[in-house]
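To keep things clear, I will list the structure first and then write my remarks on it.
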Amino acid sequence: MRILVCGGAGYIGAHMLKRLHAAGHEVVSFDNLSTGNRHAVRWGELVEGDLLDPGALRDLFHRHRFDVVMHFSACSLVAESLREPALYYQNNVIGTFYLLEAMREAGVRNLIFSSSAAVFGNPLTERIGEDHPRVPITPYGQSKLMVEQMLKGYAVAYGLNSVSLRYFNAAGADPEGELGEEHDPETHLIPNIFKMACGGTGEVLSIFGGDYPTPDGTCIRDYVHVRDLCEAHLRAIAYLEREPGAHAFNLGNGNGWSVLQVLAVAEAVVGRRIPYRMVERRAGDPAMLIVNSARARDELGWVSRHTDLRYIIETAWQWERGARTAHREGRIAGVECG
């Protein structure tokens, strides 16, 4: 197939390009490079453009014929969404609307959407299944839920088929060391631990909240390896071939680790202690988020294969060390450590 990857220069999008290429698909990336990295697009053509530009989208779909669109483009910082909700409704909701309209005009009928466990808000059960109430507590989660609701309407009215994949903490890196996590600013826990590991004296990791109702007082999250997420997106393509309509699946490791547990495993991987300090909670952070992926297993045939936290962290650390070397040698830009 010929597949458009919106956000192909980003963390998950770039890994997806590699997986699609390995599966024999032709890929084209569409990215405004506001948070993505040009050097991460190593498979297929990169088209620079913004989802908020309907003209650029029309031109893209006029020049290329696509069988499937994968949509990873989004603003995704929970705290930022509370400070700047308009940015999230504009980029995540309106941008997706323009994408759907361009697809409809071009006759492209299949979309795989990168959603989030943030659509559920504060969990009412230990593990979150698809039937859990969706009551997002942040504009980020609200924007993802709005898109899911749009997709239902487009399926009924226009025959645009979709699969929304909800996950929370993508982690790890390409086991071959070609790709990894590169954000600026970096807000994710594991790469920030690595920055402390190779930083200068005085660098201290901030842990947001030590008084949650969890065994050690820190937030518990479900970390799923980025390669497993890519496999789920690939399986979603085959699913739409036999199941038209708008569908949603939760993706997770099935295990939950606290911030302090992640820190302890990372310290063992990097071989040194990481200093930290407890600071105030961040607004919009639930105490626990662990996903129930039984429906994805039963209907997509997908399971998280890389369930060991140490393996997830080891792949990320392997890439981090290689990226620092490449940065020093001038082969890639924008990778900083310390």
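In what follows, every heavy atom counts, from backbone to side chain, and hydrogens, waters and symmetry copies are set aside. For reference, positions follow the sequence shown, starting with 1.
- In this structure the side chain of Val163 reaches within 4.5 angstrom of the side chain of Leu165, judged on heavy atoms.
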Which pairs would a plain distance check flag for residues 115-125, meaning a side-chain donor or acceptor within less than 3.5 Å of a matching protein atom at least two apart in sequence or in another chain?
from: Ser115; atom 1: OG; to: Glu148; atom 2: OE2; distance (Å): 2.6
from: Ser116; atom 1: OG; to: Ala118; atom 2: N; distance (Å): 2.9
from: Thr125; atom 1: OG1; to: Arg127; atom 2: O; distance (Å): 2.8

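- For NE2 of His188, the number of neighbouring non-hydrogen atoms (other residues, nucleotides, ligands) closer than 6.0 Å is greater than 12.
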For residues 5-19, run the donor-acceptor check on the side chains, cut-off 3.5 Å, and write out each pair with its distance to 0.1 Å, sequence neighbours left out.
from: Tyr11; atom 1: OH; to: Ala171; atom 2: O; distance (Å): 3.2
from: Tyr11; atom 1: OH; to: Gly172; atom 2: N; distance (Å): 3.4
from: Tyr11; atom 1: OH; to: Gly172; atom 2: O; distance (Å): 2.5
from: His15; atom 1: ND1; to: Tyr11; atom 2: O; distance (Å): 2.8
from: His15; atom 1: NE2; to: Asp174; atom 2: N; distance (Å): 3.1
from: Lys18; atom 1: NZ; to: Asp174; atom 2: OD1; distance (Å): 3.0
from: Lys18; atom 1: NZ; to: Asp174; atom 2: OD2; distance (Å): 2.9
from: Lys18; atom 1: NZ; to: Glu176; atom 2: OE1; distance (Å): 3.0
from: Lys18; atom 1: NZ; to: Glu178; atom 2: OE1; distance (Å): 2.6
from: Arg19; atom 1: NE; to: Glu231; atom 2: OE1; distance (Å): 3.1
from: Arg19; atom 1: NH2; to: Glu231; atom 2: OE1; distance (Å): 3.1

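- Using a distance-only test at 3.5 Å, with no hydrogens or angles considered, no donor-acceptor pair links the side chain of Asn37 to the main chain of Ala40.
- Within the 4.5 Å cutoff, the side chain of Leu4 has heavy atoms near those of the Phe61 side chain.
- Phe66 places none of its side-chain heavy atoms less than 4.5 Å from the side chain of Val27.
- Taking 4.5 Å as the limit, some side-chain heavy atom of Leu151 sits within range of a side-chain heavy atom of Ser164.
- When every heavy atom of Pro286 is checked against every heavy atom of Ile137, the shortest pair comes out as CG-CD1, 4.3 Å.
- With a 6.0 Å radius and a threshold of 12 heavy atoms from other residues, nucleotides or ligands, Arg272 has its CZ atom above the threshold.
- Using modelled atom types, one finds no donor on one side chain facing an acceptor on the other under 3.5 Å when comparing Gln142 with Tyr88.
- With no hydrogens or angles considered, no side-chain donor-acceptor pair links Asp31 and Ser29 at under 3.5 Å.
- Within 6.0 Å of OH in Tyr276 there are 12 or fewer heavy atoms belonging to other residues, nucleotides or ligands.
- Between His247 and Tyr239, the two ring planes are perpendicular [angle over 60°; tilted spans 30° to 60°].
- We find the CE-CG distance between Met150 and Leu145 to be 12.0 Å, quoted to the nearest 0.5 Å.
- The NZ atom of Lys144 sits 11.0 Å away from the OG1 atom of Thr138 when rounded to the nearest 0.5 Å.
- The line from CZ of Arg235 to CD1 of Ile112 is 13.5 Å long, rounded to the nearest 0.5 Å.
- In this structure, Asp67 contributes its side chain and Ile3 its backbone to no donor-acceptor pair below 3.5 Å.
- Applying the salt bridge (Lys or Arg N to Asp or Glu O under 4.0 Å) test to pairs two or more places apart or on separate chains, those with a residue in residues 255-268 are Glu267-Arg273.
- The closest donor-acceptor contact from the side chain of Ser81 to the backbone of Pro85 lies at 3.5 Å or more, if one exists at all.
- Aromatic ring orientation, His233 versus Tyr167: perpendicular (interplanar angle above 60°, classes split at 30° and 60°).
- For Ser258 (side chain) and Gln261 (main-chain N/O), a donor-acceptor pair under 3.5 Å exists by modelled atom type.
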Please test Asn255 against Asp222 for side chain to side chain contact (heavy atoms under 4.5 Å, CB included), starting from the C-alpha separation and ending with a verdict. CA-CA 6 Å; Asn255 299 300; Asp222 184 326; over 6 Å; no
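- The backbone N or O of Gly217 lies less than 3.5 Å from no partner atom in the side chain of Asp211, so there is not a single donor-acceptor pair.
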Could you walk me through whether Arg2 and His25 satisfy the side chain to side chain contact (heavy atoms under 4.5 Å, CB included) test, starting with their C-alpha distance in whole Å, then the side-chain angles of each, then the deciding distance to 0.1 Å, before giving a yes or no? CA-CA 6 Å; Arg2 190 168 182 81; His25 299 294; over 6 Å; no
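- The side-chain hydrogen bond (donor to acceptor under 3.5 Å, both in side chains) search around Arg310 returns Glu314, not counting sequence neighbours.
- Closest approach of Leu87 to Cys75, counting heavy atoms only: CG-SG, 4.0 Å.
- Side-chain atoms of Arg134 come within 3.5 Å of backbone atoms of Glu130 as a donor-acceptor pair (strictly under, hydrogens ignored).
- Using a 4.5 Å heavy-atom threshold, the side chains of Asn292 and Ile128 count as separate.
- With rounding to the nearest 0.5 Å, the separation of OG in Ser34 from CG in Asp50 is 7.5 Å.
- Ile220 and Phe208 are members of different hydrophobic clusters when ILVMFWY side chains are connected at heavy-atom separations under 4.5 Å.
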Side chain to side chain contact (heavy atoms under 4.5 Å, CB included) for Phe113 and Met70? Distances and angles first, verdict last. CA-CA 6 Å; Phe113 173 58; Met70 291 190 173; over 6 Å; no
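- When hydrophobic clusters are built by joining Ile, Leu, Val, Met, Phe, Trp and Tyr residues whose side-chain heavy atoms come closer than 4.5 Å, directly or via intermediates, Phe30 is not grouped with Trp43.
- At least one test fails for Arg166 against the ring of Phe249: distance under 6.0 Å to the centre or angle within 45° of the axis.
- Under 3.5 Å, the side chains of Asn253 and Thr307 contain no donor-acceptor pair of N or O atoms.
- Rounding to the nearest 0.5 Å gives a distance of 8.0 Å between CG of Asn169 and CG of Leu289.
- Residues Arg277 and Val279 have side chains in contact (heavy-atom distance under 4.5 Å, counting atoms from C-beta outward).
- In this view, Asp285 and Arg282 satisfy the side-chain hydrogen bond (donor to acceptor under 3.5 Å, both in side chains) rule, not counting sequence neighbours.
- The two residues Ala287 and Thr214 have their closest heavy-atom pair at O-CG2, 3.9 Å.
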Pair up each side-chain donor or acceptor in residues 98-106 with any protein partner under 3.5 Å, not counting sequence neighbours, and list the distances.
from: Glu101; atom 1: OE1; to: Arg104; atom 2: NH2; distance (Å): 3.0
from: Glu101; atom 1: OE2; to: Arg104; atom 2: NE; distance (Å): 3.1
from: Glu101; atom 1: OE2; to: Arg104; atom 2: NH2; distance (Å): 3.2
from: Glu101; atom 1: OE2; to: Tyr154; atom 2: OH; distance (Å): 2.7

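- Linking Ile, Leu, Val, Met, Phe, Trp and Tyr whenever their side-chain heavy atoms come within less than 4.5 Å puts Ile193 and Leu260 in one cluster.
- In this structure, the side chain of Glu181 does not engage the main chain of Pro191 through any donor-acceptor pair within 3.5 Å.
- Of the candidates Leu263, Asn192, Val204, Ile274 forms a side chain to side chain contact (heavy atoms under 4.5 Å, CB included) with just one, namely Leu263.
- For the pair Asn161 and Leu111, the minimum side-chain heavy-atom distance is 4.5 Å or more.
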Going through the checks in order, is the side chain to side chain contact (heavy atoms under 4.5 Å, CB included) test met by Leu251 and Trp302? CA-CA 9 Å; Leu251 303 179; Trp302 177 88; 3.7 Å; yes
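- At most 12 non-hydrogen atoms from other residues, nucleotides or ligands lie less than 6.0 angstrom from CD of Glu84.
- Here the CH2 atom belonging to Trp257 is positioned 13.5 Å from the CZ atom belonging to Arg221, to the nearest 0.5 angstrom.
- Between the side chains of His225 and Thr315, at least one donor N or O lies within less than 3.5 Å of an accepting N or O.
- Two residues are said to be in side-chain contact when any heavy atoms from C-beta on lie closer than 4.5 Å; Tyr212 and Met288 fail this criterion.
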